[in-house]
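Note that the coordinates shown come from a computational prediction; the quantities given were computed from them, not determined experimentally.
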Amino acid sequence: MKPALAFRQPHYPNAWEELPNGDIILAAIEEQLQPWWQKFFGYHLAKIGALSKQVNTDECKISNHFSCTTKTGGGNIVADIDDLPLQEHSVDVCLLSHALEFSLDPHHVIREANRVLIPNGYLVITGFNPLSLAGLNKLVPYRRKSIPWNEHFFHPMRVKDWLHLMGFEILADQRCIHSVLVGQLNENVVAKSWQSFAQRFLTSLGSVYVIVAKKRVLPLTPIKPKWNIRTEFNPVKAPSMRVPERKVMKRQIK
């Protein structure tokens with residue numbers, strides 16, 4: 001297994017149009033997340049990264065939506081995604097859409113999201129599945145040098161292991177788009193039949209994964225010390241077998 005830490009600074013795209021069939025990927029992610037927006041509640045929703053910024057979250061009931069991107073991302077807050085200028089436990093929902101593949105230290109990105117999330121807050125992560133038709137492009141020499149296959153793809157099981165170690169509860173692990181994501185994707189009858197078949201019988205091989213997790217924090221219950229009262233010990237009155245010295249002296253005199 002390759003280490004998660006990248007050995008060079010990845011190129012983070014500023015728009016979905018920079019990815020092959022990025023508009024189709026964005027539409028599929030929004031379709032997968034549409035039922036979830038109604039289940040989230042709170043005050044603040046943070047979209048971390050330029051790609052997360054473009055995900056439509058209008059149906060979410062949370063009132064304040066803001067984005068954290070670099071200078072070229074056009075977000076509300078200019079910052080690095082692995083060093084968020086947000087207070088601890090200040091955000092109700094964090095959205096990391098295809099941020100792990102293009103980050104230098106994906107572990108630290110998730111830790112930052114965990115830091116700013118409130119207890120019982122929600123973390124949404126999307127990314128490319130390496131064990132899929134799209135992941136096979138890394139085996140093609142002239143394709144693995146182009147975006148996004150020149151970056152590191154993380155398997156959903158590995159991402160869920162990271163989340164479990166941080167105390168998250170996995171609520172959903174969904175897959176979509178069973179395609180190589182190269183060239184123009186057809187919308188004919190054959191392509192739609194294949195997508196329907198793969199979505200039903202080859203679910204784990206979807207090219208894009210969507211993970212929804214909930215931050216669980218166990219409250220600390222103070223334990224009161226149990227004060228044991230020391231019992232009093234009274235001497236037991238038992239007959240002694242010792243003969244008094246005076247009686248012994250009288251017996252010797254006799």
Between side-chain atoms of residues 44-51 and protein atoms elsewhere (two or more places apart, or another chain), which donor-acceptor pairs fall under 3.5 Å?
residue : atom : partner : partner atom : Å
H44     : ND1  : N64     : ND2          : 2.9
K47     : NZ   : V55     : O            : 2.9
K47     : NZ   : T57     : OG1          : 3.0

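- For the pair F168 and L117, the minimum side-chain heavy-atom distance is below 4.5 Å.
- Note that CE of M157 is 11.0 Å distant from CG of L131, once rounded to the nearest 0.5 Å.
- In this structure the side chain of R216 reaches within 4.5 angstrom of the side chain of N120, judged on heavy atoms.
- Residues F41 and D92 fail the side-chain proximity criterion, which asks for heavy atoms closer than 4.5 Å.
- Between P156 and R175, some side-chain heavy-atom pair lies under the 4.5 Å cut-off.
- For the pair Y12 and T69, the minimum side-chain heavy-atom distance is 4.5 Å or more.
- Inter-residue side-chain proximity for Y209 and K160 is flagged as unmet; no heavy-atom pair is nearer than 4.5 Å.
- Between the CG atom of L133 and the NE2 atom of H178 there is a distance of 8.0 Å, given to the nearest 0.5 Å.
- S179 and S207 form no side-chain donor-acceptor contact under 3.5 Å, judged by distance and modelled atom types alone.
- Rounded to the nearest 0.5 Å, atoms CD (E30) and CD (Q54) are 9.5 Å apart.
- For the ring-ring contact (aromatic ring centres under 6.0 Å, His included) condition, the pairs that include at least one residue of residues 108-129, sequence neighbours left out, are F40-Y122, H98-F128, F128-F153.
- Heavy atoms only, all atoms of each residue included: A213 and L163 are closest at CB-CD1, 4.0 Å.
- The shortest side-chain heavy-atom distance between C68 and S52 does not fall under the 4.5 Å cut-off.
- Under the 4.5 Å side-chain criterion, counting only non-hydrogen atoms from C-beta, L181 is not in contact with L19.
- The two residues H107 and M166 have their closest heavy-atom pair at O-CE, 4.1 Å.
- Among residue pairs with one or both ends in residues 53-89, none qualify as ring-ring contact (aromatic ring centres under 6.0 Å, His included); sequence neighbours excluded.
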